[in-house]
2 protein chains.
Amino acid sequence: MGKRDTDSKGAESPVQFSVDRSSPVPLYFQLSQQLEAAIETGRLAPGSLLGNEIELAGRLGLSRPTVRQAIQSLVDKGLLVRRRGIGTQVVHSQVKRPLELSSLYDDLETAGQKPATRVLLNTTTEATAEVAAALGVAEGAEVALVERLRLAHGEPVAHLRNHLPVGLLDLGTERLEETGLYRLMRAAGITLHSARQSVGARAATAEEGERLGEPEGAPLLTMQRTTFDDTGRAVEFGSHVYRASRYAFEFQLLVRP
Amino acid sequence: MGKRDTDSKGAESPVQFSVDRSSPVPLYFQLSQQLEAAIETGRLAPGSLLGNEIELAGRLGLSRPTVRQAIQSLVDKGLLVRRRGIGTQVVHSQVKRPLELSSLYDDLETAGQKPATRVLLNTTTEATAEVAAALGVAEGAEVALVERLRLAHGEPVAHLRNHLPVGLLDLGTERLEETGLYRLMRAAGITLHSARQSVGARAATAEEGERLGEPEGAPLLTMQRTTFDDTGRAVEFGSHVYRASRYAFEFQLLVRP
DNA sequence: GAGGTCACATTGTCCGGACAATCACGTCCG
DNA sequence: CGGACGTGATTGTCCGGACAATGTGACCTC
């Protein structure tokens with residue numbers, strides 16, 4: 001039978017870590033970042049053992065709880081797996097990034113494309129029943145409305161319609177053309193917390209087809225999203241339409257144990 | 001019991017918790033479950049403070065790290081928010097469930113529908129290049145193939161095609177009609193870890209329309225998914241098609257701080 | 001040789017304490 | 001009256017240790 005090779009354990013790990021106690025960065029965070037970098041660059045091979053926590057702590061001059069905290073954060077990210085009695089090992093699969101609350105802008109940017117934005121509308125309007133329910137305001141109340149066309153390689157990719165509470169944010173049209181909405185919100189001190197999404201599909205109307213360069217009746221990917229900040233306040237309601245021929249949602253998700 | 005002192009905050013913390021030290025269930029887990037139940041039933045109102053950790057620990061006869069571990073698990077679930085200098089409070093928004101690696105079967109079941117499954121195919125086949133790449137086997141190698149039609153209220157909702165490594169699982173056709181694939185895998189001792197998904201849309205072919213009861217060219221929602229267990233092995237590759245007129249993906253997602 | 005048993009290694013849980021960082025709030029001063 | 005400042009409250013980080021639970025592998029028995 002196959003004998004478990006012993007060099008995966010390795011009496012001494014070839015990878016060295018170190019922490020800077022004078023830095024304001026928490027020690028566990030320093031360590032978790034170094035571990036993550038080592039995993040991503042392959043210096044810690046998939047499937048390899050990490051060496052037991054106690055020895056690792058001693059080697060770094062840290063306590064075991066601190067080392068555990070660092071490891072745990074990577075387990076939560078799906079990069080490591082712990083097994084009682086065995087050890088902690090690097091996950092085999094190609095974990096890229098779990099599903100994030102990312103804007104389309106970031107999606108395209110990380111995909112190597114150069115997203116462009118054309119702001120079609122930047123005004124205020126009266127909330128419809130749907131928008132009012134999503135944002136938690138009265139029907140007919142004034143809300144901000146932004147409509148944008150997102151392009152990649154000069155081609156339309158998506159039509160984005162966002163409703164926001166008035167006064168939440170200063171929505172400069174030129175800033176909206178430079179970056180994504182979420183970045184603006186974060187920059188304004190809003191800490192995003194969670195979002196409720198619905199992803200579906202439908203056929204393009206004549207108007208939608210015109211805007212996106214698709215024939216009427218072409219399949220479109222739709223997403224509706226309400227985003228909340230950490231006080232539970234709804235800060236955005238988006239109703240977006242993507243060209244199915246040019247875009248798909250790709251993401252990785254983890255099983256919550 | 002010492003000082004009850006003045007609860008100057010909101011004077012709203014009459015909820016009592018208790019732990020059973022003779023139980024094999026970890027203490028932090030007992031506490032987190034009770035907290036979660038209290039939040040879901042509304043006994044802990046949204047926005048209300050939780051009372052500081054040290055006092056809570058003293059009241060329960062637990063140490064602060066244990067209480068923190070319980071609270072942290074709920075913070076990770078998005079139910080609580082911690083603020084330094086302020087306290088821990090229940091989030092306002094209607095957090096339902098974060099995106100899970102759930103089967104369509106579970107989705108429909110929790111939606112109150114009674115899903116039915118018709119197994120169209122349960123056999124083995126030779127892996128195409130796409131399947132081979134996803135499952136990490138050689139092209140042309142034998143893999144299991146299952147095709148199912150999922151119905152709700154007697155109407156077709158989705159066509160599911162799954163490829164699996166041979167010998168991984170005993171796929172009884174009658175069991176496939178009773179429950180979802182993921183439940184079978186879990187029951188077989190496979191611990192799911194992560195999945196890579198792609199969600200898109202396209203127009204129905206004539207054959208697809210026939211199967212799902214849609215006209216040719218109707219918009220369909222598509223999902224491709226490769227699922228990995230905790231050893232990094234690909235255990236399933238799914239290629240699914242949903243009727244956009246009858247189904248949409250709904251989920252909640254959390255921002256990774 | 002097959003199967004069960006036991007020691008060992010490793011992570012899981014829990015404790016008690018210490019100090020730092022941050023935020024809300026009241027106080028003091030201009 | 002308003003802004004700067006200090007103070008208290010609360011969570012964040014970190015330590016060192018103890019015992020339990022679990023899976024592996026070697027050893028022993030049959």
Side-chain angles (χ1 to χ4, degrees), chain A residues 1-6 8-11 13 19-33 48-76 80-90 189 191 230-231 257, chain B residues 3 5-10 13 19-33 47-76 80-90 189 191 230-231 257:
Chain A
M1 297 304 269
K3 181 175 191 310
R4 199 166 260 257
D5 55 345
T6 51
S8 70
K9 147 101 173 175
S13 157
V19 292
D20 175 13
R21 299 196 87 96
S22 68
S23 163
V25 178
L27 301 178
Y28 78 90
F29 194 74
Q30 292 184 38
L31 177 55
S32 74
Q33 279 191 319
S48 65
L49 274 290
L50 208 58
N52 76 63
E53 299 168 347
I54 298 174
E55 190 241 356
L56 183 57
R59 200 140 45 86
L60 286 168
L62 298 173
S63 69
R64 189 177 163 219
T66 301
V67 172
R68 276 183 67 78
Q69 193 173 1
I71 292 176
Q72 187 60 46
S73 72
L74 297 184
V75 171
D76 291 340
L80 295 177
V81 176
R82 325 180 79 142
R83 286 171 203 277
R84 196 182 273 192
I86 311 297
T88 304
Q89 48 184 322
V90 181
T191 58
D230 57 0
T231 70
Chain B
K3 44 176 120 171
D5 73 40
T6 58
D7 262 339
S8 53
K9 286 299 157 304
S13 184
V19 292
D20 174 13
R21 299 195 88 95
S22 68
S23 162
V25 179
L27 300 179
Y28 78 91
F29 193 73
Q30 292 184 38
L31 178 55
S32 74
Q33 278 191 319
S48 65
L49 273 295
L50 207 59
N52 76 62
E53 300 169 346
I54 298 174
E55 191 239 358
L56 183 57
R59 200 142 45 88
L60 287 168
L62 298 174
S63 70
R64 188 179 165 217
T66 301
V67 172
R68 276 183 68 79
Q69 193 173 0
I71 292 176
Q72 187 60 45
S73 71
L74 297 184
V75 171
D76 291 340
L80 296 176
V81 176
R82 323 180 82 143
R83 286 170 203 277
R84 200 183 271 195
I86 311 297
T88 304
Q89 48 185 322
V90 182
T191 58
D230 57 0
T231 70

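Every value quoted in this text rests on a predicted model; they were computed, and no experiment measured them. Residue numbering restarts at 1 for every chain, and letters A, B, ... go by the order of the sequence lines.
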Q: Nearest whole Å is fine: how far is dT13(D) C1' from Ile54(B) CD1?
A: 13 Å
Q: Could you give the distance from CG (Leu56(B)) to CG (Leu50(B)), rounded to the nearest 0.5 Å?
A: 6.5 Å
Q: Would you mind reading off the distance between Gln72(A) atom CD and dC14(D) atom P, rounded to a whole angstrom?
A: 16 Å
Q: Whether Thr66(A) contacts dT13(D) is assessed here as follows: a side-chain N or O lying under 4.0 Å from the phosphate OP1 or OP2. Is that the case?
A: no
Q: Quickly work out the Glu53(A) CD to dG17(D) C1' distance and round it to whole Å.
A: 15 Å
Q: Please check the phosphate of dG12(C) (OP1 and OP2 only) for any side-chain N or O of Arg68(A) closer than 4.0 Å.
A: yes
Q: Please figure out whether Ser63(A) or Pro24(B) has its closest DNA chain D nucleotide nearer the 5' end.
A: Ser63(A)
Q: So which atom in Ile54(A) and which in Asn52(A) form the shortest heavy-atom distance, rounded to 0.1 Å?
A: N-OD1, 3.0 Å
Q: Please report the distance, rounded to the nearest Å, between CD in Gln69(A) and P in dT11(C).
A: 17 Å
Q: What are the two closest non-hydrogen atoms of Ser32(A) and Leu74(A), and how far apart are they?
A: O-CD1, 3.8 Å
Q: Quick one: salt bridge (Lys or Arg N to Asp or Glu O under 4.0 Å) pairs with a partner in residues 60-71 of chain B, sequence neighbours left out?
A: Glu53(B)-Arg64(B), Glu53(B)-Arg68(B)
Q: Measuring from the side chain of Leu27(B) (C-beta onward, heavy atoms only), which nucleotide among dT11(C), dC14(C), dT13(D) has the closest atom?
A: dC14(C)
Q: How many Å lie between CG on Asp230(B) and C1' on dG23(D), as a whole number?
A: 14 Å
Q: Please state whether the phosphate of dC15(C), meaning OP1 or OP2, lies under 4.0 angstrom from any side-chain nitrogen or oxygen of Arg64(B).
A: no
Q: What is the distance, to the nearest angstrom, from the CG atom on Leu56(B) to the P atom on dT10(D)?
A: 12 Å
Q: Could you tell me the separation between the CG atom of Leu62(A) and the P atom of dG16(D), rounded to a whole number of Å?
A: 9 Å
Q: With sequence neighbours left out, what residues match Pro65(B) under side chain to side chain contact (heavy atoms under 4.5 Å, CB included)?
A: Ser63(B)
Q: Mind listing the N/O atom pairs, protein and nucleotides 22-24 of chain C, below 3.5 Å?
A:
residue, atom, partner, partner atom, Å
dC23(C), O4', Arg84(B), O, 3.3

Q: Going by side chain to side chain contact (heavy atoms under 4.5 Å, CB included), name the residues that satisfy it together with Ser23(A), two or more places apart in sequence or in a different chain.
A: Asp20(A), Val25(A), Gln30(A)
Q: Between Phe29(B) and Gly87(A), which has a closest nucleotide on DNA chain C that is more 5'?
A: Gly87(A)
Q: OP1, OP2 of dC15(C) versus side-chain N and O of Arg21(B): anything below 4.0 Å?
A: yes
Q: Can you name the side chain to side chain contact (heavy atoms under 4.5 Å, CB included) partners of Arg83(B), sequence neighbours left out?
A: Asp230(A), Thr231(A), Val81(B), Ile86(B), Gln89(B)
Q: Does Pro26(B) reach a base, just sugar-phosphate, or nothing at all? Heavy atoms under 4.0 Å.
A: sugar-phosphate
Q: Mind checking side chain to side chain contact (heavy atoms under 4.5 Å, CB included) for Val75(B) and listing every partner two or more places apart, or none if nothing turns up?
A: Ile71(B), Gln72(B), Leu80(B), Arg82(B)
Q: Between Thr88(B) and dT10(D), is there a contact of a side-chain N or O with OP1 or OP2 at under 4.0 Å?
A: no
Q: Could you state the CG-C1' distance from Leu80(B) to dT10(D), rounded to the nearest angstrom?
A: 15 Å
Q: Report yes if at least one side-chain N or O of Tyr28(A) is closer than 4.0 Å to OP1 or OP2 of dT13(D); otherwise report no.
A: yes
